[in-house]
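Structure first, commentary second.
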2 protein chains.
Amino acid sequence: MAKMRSRGTGLPTLAEVAAKAGVSPITASRALRAVPSVDPDLVERVRKAAKLLGYVPNPAARTLASARSRSVMVLIPALTNQLFIEMFEMIEQVLSARGFEALMGHYHYDQAEEERLIRNYLAYQPCGILVTGFGQSEVSARLLADCGLPRIHMMELAETADVASVGFSQEAAGAAVARHLIERGRRHFAFFGAQLDRRLLQRRDGFQRALVEAGFPPALEIMTPEPSSIALGAAQFSALRQTDPGIDAIFFCNDDLAFGASFEALRQGVRVPETIAFVGFNDLPGADQILPRLTSVRTPRAEIGRCAALRLLALIEGEKPADTRLDLGFELIVRDSS
Amino acid sequence: MAKMRSRGTGLPTLAEVAAKAGVSPITASRALRAVPSVDPDLVERVRKAAKLLGYVPNPAARTLASARSRSVMVLIPALTNQLFIEMFEMIEQVLSARGFEALMGHYHYDQAEEERLIRNYLAYQPCGILVTGFGQSEVSARLLADCGLPRIHMMELAETADVASVGFSQEAAGAAVARHLIERGRRHFAFFGAQLDRRLLQRRDGFQRALVEAGFPPALEIMTPEPSSIALGAAQFSALRQTDPGIDAIFFCNDDLAFGASFEALRQGVRVPETIAFVGFNDLPGADQILPRLTSVRTPRAEIGRCAALRLLALIEGEKPADTRLDLGFELIVRDSS
DNA sequence: ACCTCGTAAGACAGCGCTATCTCGCATGTT
DNA sequence: AACATGCGAGATAGCGCTGTCTTACGAGGT
């Protein structure tokens, strides 16, 4: 019995479970993996033995033997944006309900870091990939394509039909904001951007295009590559009031910028929406509480996470993808700030 | 050479690297792990070959062979509190700089979920554990103790010297807030709590004790087990104004509650700090921007993450722990709200 | 009664790596 | 010169599990 010593962690091995159930290790393995060709009675016995011993399969051994883990690589630009947390939590929930795990990595909106992450996580032999958007470096894109793993891009919609994507049209969202502000009688527009990732630029493009199509000059762009934050929004707004007091509507690329600007407006006594209208993006918690309550674009991040995870699991299980593009839309939530 | 086929992911194996460098696999393994007894020239050659081929070690094989991974289990109550994100990012940074990885799990402040997580992650054979606080279930505590892995508790300080901890005194922080409010001439206190985890209760205890010691009656406690949020803070404050208009100082267990209350106060025309003083906790982003700028307790979460990770790595490398308790303190940031 | 066939259970090997033991060689000692 | 010593490099085995092949056995056909 020396061969059946427990693992260092104190967890039992499959062999011990098999011995307890009076079957061979292979049968125990099959029973626990729900391989169909096992006698239901034996399955029951093995299950019971496993539960009794507190058996947890060794994922390292499993991965090594099968050349495939039960983990899904999930790549997220940053953890500091609540947006991605909400998306990720849904992904995790769907995966764990089906016995999969999320191997989550975040790269601070940095392509090089994303590339390192992909390389590292590929070594874990994940069974699928969920990745945010399409802004990868060329090397990253090739790594993702060459590994041949099922993969779904989230938050953005693919331009071609050969890649699966779940998200919404960032451009359409930007355009919707423009139309709303025009409808409210605004004439002098600004766009506030930070971080400057791909999706933000798409929103801006949609916003500008809609303005131009309606006969307005393009909006003033206040852009910075630094991360979006409340303090930054306040500073940007303060600066704008100095340089361009005529602006009567601002579209913020993210709610936190809008929050900061709202605080600054209150401080300076600038009246929102009378003097200037604010529209945020994402409808983060607090948008419905701040003064004035913020008009914002509600993005379906949780639903994106859920659908992307479900579709990925379908691909992993060998299903043929029906639609490769899933547009979950967005919703403009009009509140007091516009 | 059939034995040297690449892995399914397209990544090369150690054997391929070794062949390229003209050494045995075992020497390549040692060279890449920086085992001292290898000729520097060979190390160089192996390194070069590995780089050329884009070699990434297979963590499953490594873990299986050595019965120990390079992963550290990191347990966090929730991802929705920016506090823990900041702590986690520091942990990750320290770990990855030393070639370790974080195996992060969050349990929605739920003991049962935490227990499941521990069991699952133990199967990954991590080399150490970073865990938030001391509020584990008995089973979890036993699992953690029995696995014999180096472990450090974060955010809270241990009561006994046999467990390592890095944090600050939540009680002392609560007491400091009480003293500050008393000093500001406040007389009628309330404590707003949500989530009701251990650390929150410690803060409350410190707050109440300091009030009583100064001769005041204990503060009115507005507590709910639901998660802390901006909307909740607004609702709690609104309710309090109805039931207890005489309260002239509130200590919020987390800044988001204070944010919500600040919005509601603005909406209702309740003057802060003239009519009522607000003190938050954690000094989250935005506390310095909101109206009025919020007095809050700045907690050293990033530093806690950094120190905890460094100390854990020291333990993993076999060092004897000097201090088992590391108190990183806190700072009361007095702003306009009190 | 004989054979085929399908199904359930086991045997076997091996995933990619590292712990451990072994060996060869250069160095130092008397 | 004979021997002990140390050190760098290789050989060997095995981590815990699963893919694949093999075997045992009962059912069904003639």
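Labels below follow one simple rule: chain letters A, B, ... track the order of the sequence lines, proteins then strands, and each chain is numbered from 1.
- Ranking D:dG10, C:dC17, D:dT18 by closeness to the B:Thr13 side chain, first place goes to C:dC17.
- The pair B:Glu115-B:Arg119 meets the salt-bridge criterion, with a side-chain N (NZ, NE, NH1 or NH2) lying under 4.0 Å from an Asp/Glu carboxylate O.
- With hydrogens and angles left out, the side chain of B:Arg30 and the base of D:dG10 share a donor-acceptor pair within 3.5 Å.
- Out of D:dG8, C:dC17, D:dC17, the shortest distance to the side chain of A:Ala65 is found at D:dC17.
- OP1 or OP2 of C:dT18 has at least one side-chain nitrogen or oxygen of B:Ser29 nearer than 4.0 Å.
- For A:Ser37, whose side chain is taken as the heavy atoms from C-beta onward, the closest listed nucleotide among D:dG10, C:dA9, C:dA8 is C:dA8.
- Taking atom CG on B:Leu14 and atom C1' on D:dG10, their separation rounds to 14 Å, with Å as the unit.
- Between B:Ala61 and B:Val38, the residue anchored nearer the 5' end of DNA chain D, judged by the nucleotide with its closest heavy atom, is B:Val38.
- Phosphate proximity of C:dA9 to A:Thr27: absent, as no side-chain N or O sits under 4.0 Å from OP1 or OP2.
- Following rounding to the nearest Å, A:Leu42 (CG) and C:dA9 (P) show an atom-to-atom distance of 5 Å.
- Put simply, A:Ser66 has no side-chain N or O that comes within less than 4.0 Å of OP1 or OP2 on D:dT18.
- Within the 4.0 Å cut-off from OP1 or OP2 of C:dG16, not a single side-chain nitrogen or oxygen of B:Tyr55 is found.
- Between A:Arg70 and A:Glu101 there is no salt bridge, since no side-chain N of the basic residue sits under 4.0 Å from a carboxylate O of the acidic one.
- When every heavy atom of B:Ala158 is checked against every heavy atom of B:Ser165, the shortest pair comes out as N-OG, 2.9 Å.
- When distances are taken from the side chain of B:Asp39 to each of D:dG10, D:dA9, C:dC17, the shortest belongs to D:dA9.
- Per the geometry, CZ belonging to B:Arg62 stands 9 Å off C1' belonging to C:dT18, to the nearest Å.
- Atom CZ in B:Arg45 sits roughly 16 Å away from atom P in D:dG8 (whole-Å rounding).
- Taking atom OH of residue B:Tyr124 and atom P of nucleotide D:dC15, one finds them 21 Å apart after rounding to whole Å.
- Defined by atom type and a distance below 3.5 Å, a donor-acceptor pair is present between the side-chain atoms of B:Ser29 and B:Arg33.
- Between A:Ile26 atom CD1 and D:dG19 atom P there is a gap of 9 Å when expressed in whole angstrom units.
- When rounded to the nearest whole Å, the span between CZ of A:Arg68 and P of C:dG14 equals 21 Å.
- Side chain of B:Leu64, nearest nucleotide from D:dG16, C:dA9, C:dA11: D:dG16.
- With respect to B:Arg98 and B:Glu317, a salt bridge is recorded, a charged nitrogen being found less than 4.0 Å from a carboxylate O.
- Contacts of B:Arg33 with the nucleic acid, taken as non-hydrogen atoms under 4.0 Å apart, involve only primed sugar atoms and P, OP1 or OP2.
- Here D:dG16 presents its P atom at 21 Å from CZ of A:Arg70, a figure rounded to the nearest Å.
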